[in-house]
Amino acid sequence: MGLPYPTDLATASRQVQHYISERVARLTGMRVTEVTLAIEHLVSADGQERRRVQ
């Protein structure tokens, strides 16, 4: 999933973690106690991914 840049990563991460734990609980009936996220990159708000040239 891409997150727009700029964004509040802490809030967005908590929302994704909550959504995933609730969804897994609904689908499986099992309580999820931890969801780990790895943010690999951000996407500009206009949808264009920009790479830095070195």
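Excluded from the calculations below are hydrogen atoms, water molecules and symmetry mates; all remaining heavy atoms, backbone and side chain alike, are included. All of these numbers come straight from a predicted model, not from anything done at the bench.
No side-chain heavy atom of Val16 sits less than 4.5 Å from a side-chain heavy atom of Val35. Between Ile20 and Val32, the closest side-chain pair of non-hydrogen atoms is not below 4.5 Å. Using a 4.5 Å heavy-atom cutoff, the side chains of Glu22 and His18 are in contact.
Listed here is the closest heavy atom pair of Leu37 and Ser13: CD1-O, 3.6 Å.
The side-chain contact (heavy atoms from CB on, under 4.5 Å) search around Thr28 returns Val24, Met30, not counting sequence neighbours.
For the atom pair CG (Leu9) and CD1 (Ile39), the distance works out to 4.5 Å, reported to the nearest 0.5 Å. A distance of 9.5 Å separates OG in Ser21 from CZ in Arg31, rounded to the nearest 0.5 Å.
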